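Only one structure is covered here, and it is reproduced in the block below.
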Number of protein chains: 2
Amino acid sequence: MKTSKRAKLEAAGWSIGSAQDFLQLSDAERALVELRLALSHSLRNWRKRRGLSQVELARRLKSSQSRVAKMEAGDTSVSVDLLVRSLFAIGAKPKDLAKTIRRLDERVAG
Amino acid sequence: MKTSKRAKLEAAGWSIGSAQDFLQLSDAERALVELRLALSHSLRNWRKRRGLSQVELARRLKSSQSRVAKMEAGDTSVSVDLLVRSLFAIGAKPKDLAKTIRRLDERVAG
DNA sequence: CGATGATATGTCATATGTGACATACCATCA
DNA sequence: TGATGGTATGTCACATATGACATATCATCG
C-alpha cells in the first residue's frame with residue numbers, strides 16, 4: 001500500500017530521494033514532505049523552461065548555487081518558507097501555488 | 001489604491017496587524033505576508049470552530065499558547081513552515097491548503 | 001585523455017525561528 | 001471590587017535554516 005503509493009509517485013515523475021523513507025511518516029509529516037517536493041519540482045520546472053542554470057537562478061534569488069540545488073532536491077535542510085519565497089520571487093502568484101498544491105493533493109488522495 | 005486594498009482586506013474580516021505596512025512591499029513580499037495571514041486565519045477559524053482555547057491547541061501542536069497567539073496574529077516571527085505544519089497536524093489536507101491559497105489569490109488579483 | 005560547464009554534497013559561521021516563561025491586557029461573573 | 005479564563009506581548013536560550021565556500025560528480029566536446 002505505502003510501497004505502491006511510492007511507486008505511483010515515482011511513476012508520476014517525481015524524484016523521490018532515496019533517503020526519504022515514506023514508511024514511517026504520519027499523514028502530517030508525509031504531507032509536508034510531499035509539499036516540499038511539489039514546490040521543489042515547480043521551481044526546477046520554472047528554471048528549466050527558462051533555460052537558466054542554477055547559478056543564474058541563484059543570482060536572481062540572491063542565494064547560492066548549492067542552495068538552489070538543495071531546494072530543487074527537496075532537501076530537508078530547506079524550509080517551505082524558502083521555497084515559497086523563491087517561487088514568489090520569480091513571479092509565481094498564489095494561484096500558481098494553489099494549483100501546485102492541489103495537484104499534490106490529487107496524487108495523495110486519489 | 002493600496003490603501004483601498006487594505007480597507008478591502010480588513011472589510012473581508014482579516015486582521016491586519018497595524019504594524020504591517022503594505023505600502024512598501026514588492027509583489028513577492030506582499031504575497032508572502034498575505035499568505036501568512038491567510039494561513040493564520042485558517043488556523044484560528046479551525047480552533048474557533050472546535051471551541052478550543054489557544055492553550056488546548058498549543059498542547060495538540062506541542063507548542064505554547066504564546067506561539068499560537070503569534071501564529072494566529074500572523075506575526076512575522078512565525079514561519080510559513082510552522083503554519084503549514086500546524087495545519088497539517090490538525091488534519092488539514094493539501095486540498096484545504098490549496099483552497100485557502102486560491103481564495104487569497106482571488107482577493108489579491110481580483 | 002583533459003577541459004569546461006552544470007549540478008550535487010558536505011561543512012560552517014551567522015541569521016532566523018521556536019518553545020517557554022513572565023506578564024500585560026481584556027472580558028465576564030459574582 | 002476581585003477573581004477567573006482567555007489572549008497578547010516581550011524576552012531569551014536553544015534549535016534550525018541560510019548563504020557561502022570547497023569539492024565532488026557527471027556529461028559533453030575537442
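A, B, ... follow the sequence lines: proteins, then strands. Residue 1 opens every chain. These numbers were taken from a predicted model, which means no experiment stands behind them.
- Not a single donor-acceptor contact under 3.5 angstrom links the side-chain atoms of B/K48 to the base of D/dT7.
- Comparing atom distances between the A/Q54 side chain and each of D/dT7, C/dT7, D/dC21 picks out C/dT7 as nearest.
- When rounded to the nearest whole Å, the span between CZ of A/R67 and P of C/dT16 equals 14 Å.
- As rounded to whole Å, 12 Å separates atom P of D/dG5 from atom CD of B/E56.
- Looking at heavy-atom distances under 4.0 Å, A/V78 makes contact with sugar-phosphate atoms alone, never a base.
- Counting heavy atoms from C-beta on, the side chains of A/S86 and A/R60 never come closer than 4.5 Å.
- Straight-line distance from the CD atom of B/E72 to the P atom of C/dT18: 15 Å, rounded to whole Å.
- With a 4.5 Å cut-off on side-chain heavy atoms, A/P94 and B/R103 do not count as touching.
- In this structure, A/K70 places its NZ atom 16 Å from P of D/dT25, rounding to the nearest Å.
- Not one side-chain nitrogen or oxygen of B/Q65 sits closer than 4.0 Å to the OP1 or OP2 atom of D/dA8.
- Atom NZ of B/K62 and atom C1' of D/dA15 are 18 Å apart (whole Å).
- Put simply, CE on A/M71 is 14 Å from P on C/dT7, counting in whole angstrom units.
- Salt-bridge formation is not detected for the pair A/E56/A/R50: no Lys NZ or Arg NE/NH1/NH2 atom is positioned less than 4.0 Å from an Asp or Glu carboxylate oxygen.
- Distance, B/D75 CG to C/dA20 P: 17 Å, rounded to whole Å.
- Counting distance only, with no hydrogens placed and no angle test, the side-chain atoms of B/S64 and the base atoms of C/dC21 include no donor-acceptor pair under 3.5 Å.
- Salt-bridge check for A/D27 with A/R30: passed, with a basic side-chain N closer than 4.0 Å to an acidic carboxylate O.
- In this model, the phosphate group of D/dT18 is approached by a side-chain N or O of A/R85 to a distance below 4.0 Å at OP1 or OP2.
- At a threshold of 4.0 angstrom between heavy atoms, the contacts of A/S53 are confined to the sugar-phosphate backbone, with no base atom among them.
- Applying the 4.0 Å criterion to OP1 and OP2 of C/dT7, one finds that A/R47 has a side-chain N or O inside that range.
- Checking the phosphate oxygens (OP1, OP2) of D/dT7, no side-chain nitrogen or oxygen of B/R44 falls inside 4.0 Å.
- Residue contacts shown for A/S79 are limited to sugar-phosphate atoms, with no base heavy atom under 4.0 Å away.
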Show your reasoning for whether side chain to side chain contact (heavy atoms under 4.5 Å, CB included) applies to A/L97 and A/F88.
-> CA-CA 9 Å; A/L97 265 196; A/F88 283 157; 3.8 Å; yes
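- At whole-Å resolution of the value, CZ in A/R36 and P in D/dT16 are 13 Å apart.
- Here A/S77 does not reach the OP1 or OP2 of D/dA17: none of its side-chain N or O atoms lies under 4.0 Å away.
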